[in-house]
Amino acid sequence: MLPKTYDPQATEDRIYSMWEESGAFKADASSDKEPFTVSMPPPNATGQLHLGHAVMLALEDIFTRFARAQGKEALWLPGTDHAAIATESVVIKKIQKEEGIPDPRASLGREELIKRIAHFVSESQDTIRSQVRKMGSSCDWSREKYTLDPSLNRCVNEVFTKMYKDGLIYRGHRIVNWDPKMQTTVSDDEIEYVEEKASFYTFQYGPFQIVTSRPETKFGDKYVVMHPDDPRYEKYENGDQFECEWINGKITATIIKDKVIDMEFGTGCMTITPWHDHVDFDLAERHELDKEQIIDFEGKLLPIANEFAGMPIEEARTKIVEKLDKKGLLVSVDENYVHRVAVSYRGKGKVEPQIKEQWFIDVNKPVIEWKKKNMSLKEVMQDVIRSGDIKIIPDRFEKVYFHWIDNLRDWCVSRQIWWGHRIPVWHKEDKDSKEMHVGVQAPEGKGWEQDPDTLDTWFSSGLWTWSTLIDPALADDHSLSLQDLLDKSHDFQKFHPTSVMETGYDILFFWVARMILMTTYATGKIPFETVYLHGLIRTRDGAKMSKSDPETMIDPLDIIEKYGADALRLSMIVGQSPGNDSRLFEEKIAGYRNFVNKLWNASRFVLMTCEKEGINPHEVEGRKVEKSKSLSLADKAFLSELQFLIQDVTTGLEQYRLSEVGELIYSFVWGNFCDWYLELSKGQANCDVLVHVLRTILQLLHPYCPFITEELWASVKPDDCNILMKQLYPKANKKLMDHDAYDNFQKIIGVITAIRSIRADHGLDQGKKLEVIVHTKEHSDVLESQRDQIMRLGRLSELTIDVKPQTHEHVASMFLRGIEVHIPLEGVIDFEKEKAKLTKEKENLEKFLKGIQSKLGNKKFVSSAPEEVVTLEREKLENAQEKIKKLEERLKVLE
RNA sequence: GGGCAAUUAGCUCAGUUGGUUAGAGCGCCUCGUUGACAUCGAGGAGGUCACUGGUUCGAAUCCAGUAUUGCCCACCA
């Protein structure tokens with residue numbers, strides 16, 4: 001016999017091992033079944049899983065288990081990401097802290113540092129693997145991938161080379177975001193802005209006044225820019241020159257007129273620093289102006305700054321202001337200026353724009369053949385969404401996506417860090433040599449050195465849906481082309497494009513967009529059909545959970561230990577809608593733990609009942625139940641409701657409406673199965689139905705709560721059945737859909753509810769005699785057939801069921817679903833109120849009826865709307881008509 | 001500056017194409033240990049669906065505007 005409470009701790013690990021050993025997670029590329037594929041967004045190989053991962057794993061596991069149960073060949077492919085900058089910075093910090101080495105890159109060298117990082121990563125990967133298992137994830141571990149695996153590296157090199165040959169990858173001196181702390185470039189998307197209060201200076205610059213918060217960049221400023229339409233500067237012409245006193249003596253300045261200037265801001269004119277500012281750089285490019293570097297890559301001033309050379313930015317700033325003040329060129333200082341400073345998404349260090357030679361992907365060059373047209377990467381990215389090849393859930397993110405693409409600039413893909421995919425470019429002698437080789441492998445001959453730079457981590461992540469499906473054995477064969485690799489890899493042929501990409505909306509641009517870009521280009525196919533974006537999990541107060549504040553952090557592992565993985569999964573799925581943030585706190589999780597336990601006890605009850613009746617649950621045949629002729633009203637009603645549940649759950653899951661479906665099952669199990677059916681079974685039990693319904697519930701719930709359902713399945717499964725996760729999903733049996741039984745059963749429920757309510761309202765003693773008055777013979781028959789149940793659940797010692805029209809003094813308190821229940825009470829009934837209520841109800845119904853009639857009378861509607869909608873309206877009409885009739889009858893009684 | 005959302009019970013949130021009396025969980029109040037479950041059961045209170053207009057027989061739902069909050073994007077020196 002099962003224990004009184006469910007103990008997830010004692011169950012989950014055992015069940016998971018059982019699944020793994022059974023091979024049920026493994027997908028078969030050679031099967032004939034329809035494929036269903038999910039690529040797991042690879043967690044960064046830097047440490048711990050957090051709730052964001054947990055929600056992702058829960059969602060994807062539900063998708064996968066459901067697809068599997070629908071008879072599809074389901075593949076959920078797990079893996080980890082090398083997370084270039086993030087990982088390197090974590091390890092460098094660790095070495096600095098633990099070993100006291102201030103600059104590990106310099107001290108250890110490339111080879112040694114990479115070795116250290118690799119070691120760290122492999123430990124971290126083990127942690128992640130075990131955490132993913134703890135969540136119950138049914139992913140195919142035999143196919144686990146890592147972004148630095150040789151076969152994935154091969155794909156990276158192939159794509160880079162192909163892009164280079166197509167002229168999509170180019171090398172150029174461009175302004176990039178330089179992170180002096182991490183000593184690398186970062187992409188536009190890896191930047192965040194933090195508000196900072198700064199001093200805002202106004203300086204005299206020749207005849208002009210300019211404003212800046214960054215005086216230290218102003219050494220090279222020999223251009224002053226203003227708007228061509230600005231009346232204040234009408235007398236100056238573009239190209240005019242003048243001499244003026246500046247930081248280090250006299251300079252010759254040139255006037256530039258350009259429309260980027262905002263006349264409203266500051267003094268309406270500014271000097272520019274093309275080397276250290278994106279806008280200034282663009283402007284300088286347009287007007288072909290000189291660019292000079294002021295700040296070096298360490299964040300210190302260069303010799304151009306004379307006596308300030310070698311100073312760090314912050315120090316130089318104050319000194320320069322002092323100097324300009326002494327020269328009388330400082331006009332004013334605003335100490336309360338708030339501006340936004342760019343910092344690196346990872347290292348949180350201030351980002352300094354710099355001009356550097358970098359590798360870029362051209363997003364505007366129309367060289368991609370897509371749908372028989374030549375398109376640019378940008379255009380393909382727009383087309384796949386616009387044409388509906390890829391659907392984004394929720395769809396409002398499509399707008400956000402388009403907006404992002406409109407603003408997309410060429411993508412800088414080279415990074416000056418060591419951890420990652422090294423760029424497949426070789427230089428003869430040194431980097432500045434003119435001889436260069438771009439290819440998948442190193443060129444023949446001596447003296448070739450590979451470019452020291454690595455690729456942006458999103459370059460390889462962009463290939464994730466398909467590079468993971470390339471056969472590693474083939475990847476070693478360099479006689480094969482990229483196309484060969486795709487054509488010959490069975491997994492790729494079977495499982496790509498993937499079915500759904502599920503991830504947080506916060507990486508829509510970082511990753512989802514890049515996958516679309518890279519995959520359409522490299523394979524000619526979309527990477528996935530549907531994008532499902534989940535929201536962030538926040539604290540009870542709506543704050544972001546952050547590592548720096550352990551109080552607010554909820555560690556999924558702690559929760560699993562305390563409440564079980566099933567409860568955690570439900571608490572993150574039910575009540576959440578895609579794309580919206582949600583809050584999580586322990587009471588919520590405890591609520592779902594209670595639900596899980598409720599299911600446990602319901603099963604216990606079923607098993608105990610079977611034992612009492614001498615029935616072996618394993619021998620119950622589902623089919624027989626469905627054909628049985630000895631079903632009670634409750635059995636029929638309940639089986640009918642179950643069929644509708646199956647239908648709703650299935651269509652809901654097909655449409656990715658996970659929250660709604662979770663709620664449906666929850667309320668069915670608790671509100672119907674436990675509260676009614678099991679209670680009724682205490683009077684008279686049909687074990688066949690009990691077992692059958694319980695099995696179906698376990699099957700339906702399995703994608704959400706895999707552990708407990710699997711555990712319970714073992715106790716109730718048919719003898720010839722395997723483990724639950726290999727079962728096919730239940731199908732609704734139309735023959736069991738019995739509206740009459742359902743309606744009649746609702747009447748019983750109504751009566752019992754009424755009795756309970758009356759008892760509570762009037763403190764009715766247990767065993768009090770009750771009279772139930774009904775108006776028709778049919779109702780009386782229904783109640784009569786369930787007399788025992790009503791008496792038991794209503795706790796009555798005597799019950800009269802009578803058919804008669806009512807006199808005023810007898811009409812009592814409750815009208816429920818067409819049945820009137822009353823007990824003899826002295827003077828508590830308000831007839832006028834009752835009458836008014838019914839009259840209003842009738843009026844509403846009549847209004848409603850009129851509306852539908854006019855709708856159905858409208859030819860336009862009938863001809864244009866889908867047939868189902870029209871029938872639905874007709875049904876509504878009939879229902880309403882019937883109800884009005886009944887109301888009229890009741891009103892007549894009251895008269 | 002532009003865009004996207006949110007606003008529903010004390011709290012956290014559902015509410016699929018407009019449809020009959022707006023739902024759930026938690027919390028609160030009353031009662032209850034008859035053998036599945038106190039991680040429970042029965043009953044109850046609590047909402048002008050942010051506000052103002054409009055479309056409609058009918059609006060939480062569609063449209064316009066207002067307010068508050070949040071997020072994203074952008075070159076304001």
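Within every chain, numbering begins at 1; the chains are lettered A, B, ... in the order of the sequence lines, protein sequences first and strands thereafter.
- Looking at heavy-atom distances under 4.0 Å, A:Asn597 makes contact with a base.
- Pair assignment for B:rC49 gives none, since no Watson-Crick or G-U wobble pairing has each distance under 3.5 Å.
- The same atom, P, is picked in B:rG27 and in B:rG70; the two are 30 Å apart, to the nearest Å.
- Shown here, B:rA5 forms a base pair with B:rU69; the pair counts as Watson-Crick or G-U wobble because both key distances fall under 3.5 Å.
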Before giving the answer on side-chain hydrogen bond (donor to acceptor under 3.5 Å, both in side chains), spell out for A:Asp221 and A:Thr273 the whole-Å C-alpha distance, their side-chain angles and the decisive distance to 0.1 Å. CA-CA 6 Å; A:Asp221 291 9; A:Thr273 315; 3.2 Å; yes
Show your working on side-chain contact (heavy atoms from CB on, under 4.5 Å) between A:Ile261 and A:Asp230 and close with a plain yes or no. CA-CA 10 Å; A:Ile261 297 295; A:Asp230 195 328; 6.0 Å; no
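- Rounded to the nearest Å, the gap between the P atom of B:rC40 and that of B:rG25 is 12 Å.
- Taking only side-chain atoms of A:Asp675, from C-beta outward, the nucleotide of B:rG41, B:rC72, B:rA77 with the closest atom is B:rG41.
- Computed from coordinates, the A:Glu663 CD to B:rG25 C1' distance equals 9 Å when rounded to whole Å.
- A donor and an acceptor atom, one from each side chain of A:Tyr505 and A:Asp581, are located under 3.5 Å apart.
- Contact between the side-chain N/O atoms of A:Asn594 and the OP1/OP2 oxygens of B:rC37 is not found at any separation under 4.0 Å.
- The listed nucleotides are B:rC75, B:rC37, B:rG25; the one nearest the side chain of A:Val260 is B:rC75.
- In this structure, A:Asp277 reaches neither bases nor backbone, as no heavy-atom distance under 4.0 Å exists between it and the strands shown.
- Distance noted for atom C1' between B:rG15 and B:rU7: 15 Å (whole Å).
- Ion pairing between a basic and an acidic side chain is recognised when a charged N comes within 4.0 Å of a carboxylate O; A:Arg540 and A:Glu586 show no such pairing.
- In this pair, A:Trp600 and A:Tyr6 present their aromatic rings tilted. The plane angle is within the 30 to 60° band.
- A:Tyr401 has its OH atom 16 Å from the C1' atom of B:rC73, to the nearest Å.
- Remark: B:rG23 base-pairs with B:rC13. Criterion, Watson-Crick or G-U wobble with two distances under 3.5 Å.
- For the C1' atoms, the distance from B:rU12 to B:rA59 is 26 Å, rounded to whole Å.
- Within the 4.0 Å cut-off from OP1 or OP2 of B:rC4, not a single side-chain nitrogen or oxygen of A:Arg396 is found.
- Using C1' as the reference atom, B:rA22 and B:rG65 are 26 Å apart when rounded to the nearest Å.
- Pairing for B:rA36 is absent, with no Watson-Crick or G-U wobble pair whose two atom distances lie under 3.5 Å.
- Taking atom CD on A:Glu587 and atom C1' on B:rC11, their separation rounds to 10 Å, with Å as the unit.
- Relative ring orientation between A:Phe673 and A:Tyr677 is described as parallel, the plane-to-plane angle staying below 30° on a 0-90° scale split at 30° and 60°.
- For A:Arg583 and B:rU69, the CZ to P distance is 15 Å, given to the nearest whole Å.
- Remark: B:rG58 base-pairs with no nucleotide; criterion is Watson-Crick or G-U wobble with both hydrogen-bond distances under 3.5 Å.
- Across all strands shown, B:rA42 pairs with B:rU30; the Watson-Crick or G-U wobble distances both stay below 3.5 Å.
- Using a 4.0 Å heavy-atom distance criterion, A:Ser659 is classed as making no nucleic acid contact.
- Using a 4.0 Å heavy-atom cutoff across all strands shown, A:Arg657 reaches at least one base atom of the nucleic acid.
- Contact between the side-chain N/O atoms of A:Ser577 and the OP1/OP2 oxygens of B:rA14 is found at a separation under 4.0 Å.
- In the set B:rC13, B:rG2, B:rA36, the nucleotide with an atom closest to the side chain of A:His403 is B:rG2.
- Distances shorter than 4.0 Å separate none of the side-chain N or O atoms of A:Arg540 from OP1 or OP2 on B:rC11.
- Scanning atom types as modelled, one donor and one acceptor separated by under 3.5 angstrom connect the side chain of A:Glu679 and the base of B:rA36.
- Salt bridge present: A:Glu352 and A:Arg214 bring a charged side-chain N and a carboxylate O closer than 4.0 Å.
- With hydrogens and angles disregarded, no donor-acceptor distance shorter than 3.5 Å links the side chain of A:His534 to the backbone of A:Val55.
- Distance CG (A:Asp395) to P (B:rG3): 19 Å, rounded to an integer number of Å.
- A:Leu678 comes within contact range of at least one nucleobase, with a heavy-atom separation under 4.0 Å.
- Comparing B:rC26, B:rA38, B:rA77 by their nearest atom to the side chain of A:Lys4 picks out B:rA38.
- Counting non-hydrogen atoms under 4.0 angstrom, A:Arg593 reaches a base of the nucleic acid.
- Closest to the A:Val279 side chain, of the nucleotides B:rA36, B:rC73, B:rC75, is B:rC75.
- Counting only N and O atoms by type, the side chains of A:Ser681 and A:Asn686 include no donor and acceptor under 3.5 Å apart.
- Contact annotation for A:Gly575: backbone-only contact, meaning every heavy-atom pair under 4.0 Å involves sugar-phosphate atoms and none involves a base.
- Phosphate contact (OP1/OP2 of B:rU12, side-chain N/O of A:Lys588, threshold under 4.0 Å): absent.
- Each of B:rC71, B:rC72, B:rA5 was ranked by its minimum atom distance to the side chain of A:Arg538; first place goes to B:rC71.
- The same atom, P, is picked in B:rA74 and in B:rG19; the two are 39 Å apart, to the nearest Å.
- Nearest to the side-chain atoms of A:Met608 among the listed nucleotides B:rA36, B:rG25, B:rA5 stands B:rA36.
- Comparing B:rA24 with B:rG44, their P atoms sit 11 Å apart, to the nearest whole Å.
- Going from atom OH of A:Tyr666 over to atom P of B:rA14 covers 16 Å, rounded to whole Å.
- For B:rA74, neither phosphate oxygen OP1 nor OP2 lies less than 4.0 angstrom from any side-chain nitrogen or oxygen of A:Trp404.
- Nearest-nucleotide positions on RNA chain B for A:Ala590 and A:Asn601 put A:Asn601 closer to the 5' end.
- The distance between atom CZ of A:Phe203 and atom P of B:rA77, rounded to the nearest whole Å, is 15 Å.
- Checked against the 6.0 Å centroid criterion, the rings of A:Phe203 and A:Tyr201 qualify as a close aromatic pair.
- For the pair A:Asp541 CG and B:rU12 P, the interatomic distance rounds to 9 Å; values are reported in whole Å.
- No engagement by A:Gln655 is indicated, since no non-hydrogen atom pair under 4.0 Å with the nucleic acid exists.
- Remark: A:Lys598 is in phosphate contact with B:rG41, judged by side-chain N or O atoms under 4.0 Å from OP1 or OP2.
- In this structure, A:Lys218 and A:Thr5 both approach RNA chain B, and ranking their closest nucleotides by distance from the 5' end singles out A:Thr5.
- Rounded to whole Å, the separation between the P atoms of B:rU21 and B:rC28 comes to 32 Å.
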